[in-house]
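Notes to accompany the following structure.
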Amino acid sequence: MPELPEVETIRRGLQELIVGKMIEIVSFDTAKSFPNNRSDVNQFLVNAKIKSIRRRAKVLLIDLSTNYTLVIHLKMTGQLVFVNNMARFGAGHPNDSLIGVLPDKSTRVTFDLADGSHLYFNDQRKFGWVRLIPTAEVPNINFMKKVGPEPLEADFTASEFTERFKRRSKTTIKAALLDQTVVAGIGNIYADESLWGAKINPKRLVNTITNAEFKRLYKEVRLVMNLSIEKGGSTNRNYVNAEGKKGSYMDFARVFRREGLACTRCGTEIIKLKVTGRGTHICPNCQRI
DNA sequence: CACTTGACCTGTCCGC
DNA sequence: TGCGGACAGGTCAAGT
């Protein structure tokens with residue numbers, strides 16, 4: 001589901017909602033969604049206090065007072081939704097409509113917090129996972145060792161962006177954008193949106209992209225993902241933030257899921273095609289081969 | 001090594 | 001309404 005802007009939106013929500021709280025009870029069913037055993041949970045998670053919420057690429061990191069960290073990947077349909085305790089906060093809280101709705105059949109892990117509130121990890125397709133590992137081990141997991149730089153960091157430059165793509169010269173620019181080892185956090189929505197903004201056809205091979213085009217693409221990646229964070233992310237299907245609310249970036253999308261509609265730049269009909277196995281949206285006039 | 005393809009799951013939508 | 005197939009925000013392992 002979520003790409004960088006959606007995960008960042010969830011991170012900001014959880015920062016406000018759960019930092020400082022104590023985890024009291026953890027329930028989970030399948031090892032697929034949460035592979036840790038009960039003994040780890042009892043030792044390092046139960047009675048742990050939530051210290052901070054970090055994000056790296058599309059991964060959320062919940063740091064605990066036990067010096068363990070919950071590492072969470074939402075993949076396609078994962079959600080992390082907080083439901084408060086009405087007795088403490090009273091009716092009228094923004095997500096009190098979720099009381100009695102969650103947990104539901106997609107709930108894989110439930111964290112009951114000591115103040116009576118709850119955090120639910122829901123995941124319809126079961127691709128996502130939660131893992132509990134020592135905080136010091138986080139940088140050593142395979143994904144963290146291989147993942148590329150954060151594209152929205154202030155010190156991430158257009159030349160670094162360009163250099164990293166040039167290592168992947170023989171693949172398509174769309175495949176390279178989706179490759180997390182090149183640059184972190186870009187997924188199918190923002191790849192299409194950025195390529196439209198930079199007027200680059202997604203099937204172009206990386207070694208045909210000019211420096212001027214890379215510079216435009218760099219700017220578009222940052223523009224599009226910053227705008228999406230401002231809009232609370234994209235709700236294409238399942239995505240909701242930490243309060244169970246949808247994001248509104250799709251109202252501003254320029255190609256993604258707009259097939260059959262007019263390009264906002266030239267009026268040509270947006271079409272959908274397949275590039276490296278992924279549904280891809282382009283303006284055939286603005287984004288020529 | 002670089003690159004592509006299928007697998008992992010459940011649910012929904014579309015055409016017959 | 002039913003049924004089959006394609007498709008969905010992402011990674012991996014295994015293949016070429």
Side-chain angles (χ1 to χ4, degrees), chain A residues 1-11 29-35 55-60 71-81 104-109 121-131 141-148 164-195 202-208 221 224-225 228-229 231-241 246-253 255-260 271-281:
Chain A
M1 139 199 183
E3 307 179 30
L4 188 156
E6 290 73 35
V7 180
E8 177 60 21
T9 301
I10 293 169
R11 189 196 69 77
D29 45 9
T30 60
K32 188 167 168 56
S33 297
F34 190 13
R55 176 190 61 73
R56 178 75 172 95
K58 303 172 189 171
V59 174
L60 269 172
V71 183
I72 303 174
H73 203 307
L74 302 170
K75 292 286 180 84
M76 300 283 259
T77 56
Q79 305 175 328
L80 269 179
V81 183
D104 65 16
K105 65 186 293 192
S106 75
T107 302
R108 311 295 172 203
V109 187
F121 172 67
N122 302 325
D123 185 15
Q124 185 179 92
R125 292 176 74 180
K126 302 183 184 173
F127 291 167
W129 42 258
V130 178
R131 277 188 279 171
I141 66 177
N142 276 342
F143 181 87
M144 293 298 176
K145 281 196 292 196
K146 292 194 300 184
V147 71
R164 295 192 67 85
F165 276 90
K166 287 187 172 173
R167 305 181 320 171
R168 300 294 312 275
S169 60
K170 287 181 73 183
T171 193
T172 62
I173 186 64
K174 169 116 186 204
L177 275 170
L178 295 176
D179 182 343
Q180 300 298 293
T181 70
V182 179
V183 172
I186 303 165
N188 208 34
I189 298 175
Y190 304 106
D192 283 7
E193 292 288 289
S194 309
L195 288 166
K203 287 187 170 173
R204 295 261 308 278
L205 296 183
V206 171
N207 63 14
T208 71
V221 163
V224 155
M225 294 212 287
S228 183
I229 291 171
K231 301 300 174 190
S234 296
T235 296
N236 179 25
R237 301 168 87 75
N238 294 294
Y239 168 74
V240 290
N241 68 15
K246 296 176 178 184
S248 67
Y249 178 84
M250 289 301 285
D251 296 342
F252 301 84
V255 276
F256 192 79
R257 299 258 337 232
R258 287 180 50 82
E259 61 270 32
I271 58 167
K272 186 174 180 183
L273 52 146
K274 219 161 214 163
V275 181
T276 44
R278 307 299 302 273
T280 299
H281 311 75

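Just so we're on the same page: letters track the sequence lines, and every chain starts at 1.
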query = For the pair made of CG in A:Asn236 and C1' in B:dC13, what is the distance, rounded to whole Å?
reply = 13 Å
task = Assign A:Phe256 to base, sugar-phosphate, or nothing according to its heavy-atom contacts below 4.0 angstrom with the strands shown.
result = sugar-phosphate
query = Name the stems with DNA chain B in them: runs of three or more consecutive Watson-Crick or G-U pairs, distances under 3.5 Å?
reply = B:2-8 with C:10-16, B:10-16 with C:2-8
ask   = Taking the nucleotide of DNA chain C with the closest heavy atom to each, which residue, A:Trp129 or A:Ser234, is nearer the 5' end?
value = A:Ser234
request  = Measure from CZ on A:Arg125 to P on B:dT12 and round the result to the nearest Å.
outcome  = 12 Å
message = Without decimals, in angstroms, what is the distance between A:Lys126 NZ and B:dG11 C1'?
response = 12 Å
message = Quick check on side chain to side chain donor-acceptor pair (under 3.5 Å): which of A:Asn238, A:Thr77, A:Thr107 does A:Asp123 satisfy it with?
response = A:Thr77
inquiry  = Tell me the interatomic distance from A:Gln124, atom CD, to B:dG11, atom P, rounded to whole angstroms.
reply    = 6 Å
remark   = All heavy atoms of A:Ile186 vs all of A:Gln180, minimum pair found to be O-NE2, 2.9 Å
ask   = Is any side-chain heavy atom of A:Leu4 closer than 4.5 Å to a side-chain heavy atom of A:Ile229?
value = yes
request  = Give one of base, sugar-phosphate or nothing for A:Gly277, where a contact means two heavy atoms less than 4.0 Å apart.
outcome  = nothing
ask   = Atom CG of A:Leu74 to atom P of C:dA8: distance rounded to whole Å?
value = 20 Å
message = Whole angstroms only, please: what is the CZ-C1' distance between A:Arg278 and B:dC3?
response = 16 Å
request  = Rounded to whole angstrom, note down the P distance from B:dC9 over to C:dC3.
outcome  = 24 Å
message = How many whole angstroms separate atom CE of A:Met76 from atom P of C:dA6?
response = 17 Å
ask   = A:Lys146 near the nucleic acid: base, sugar-phosphate alone, or nothing, with a heavy-atom cut-off under 4.0 Å?
value = nothing
Check: A:Val183 and A:Val221 side chains under 4.5 Å, non-hydrogen atoms = no
key: Euclidean distance, atom CZ of residue A:Phe127 to atom P of C:dC12 [Å, nearest integer]   = 13 Å
query = Do A:Ile72 and A:Phe121 come within less than 4.5 Å of each other through their side chains, counting heavy atoms only?
reply = yes
query = Looking at side-chain heavy atoms only, is the closest gap between A:Leu177 and A:Tyr190 below 4.5 Å?
reply = no
message = A side-chain contact here means heavy atoms from C-beta on lying under 4.5 Å apart; do A:Val7 and A:Val59 qualify?
response = no
request  = Give A:Gly279 one of three labels, base, sugar-phosphate or nothing, depending on what nucleic acid heavy atoms sit under 4.0 Å from its own.
outcome  = sugar-phosphate
task = Taking only the side-chain nitrogens and oxygens of A:Lys170, find out if one of them lies under 4.0 Å from OP1 or OP2 of B:dC3.
result = no
ask   = Do the side-chain N or O atoms of A:His73 get closer than 4.0 angstrom to the phosphate oxygens (OP1, OP2) of C:dG10?
value = no
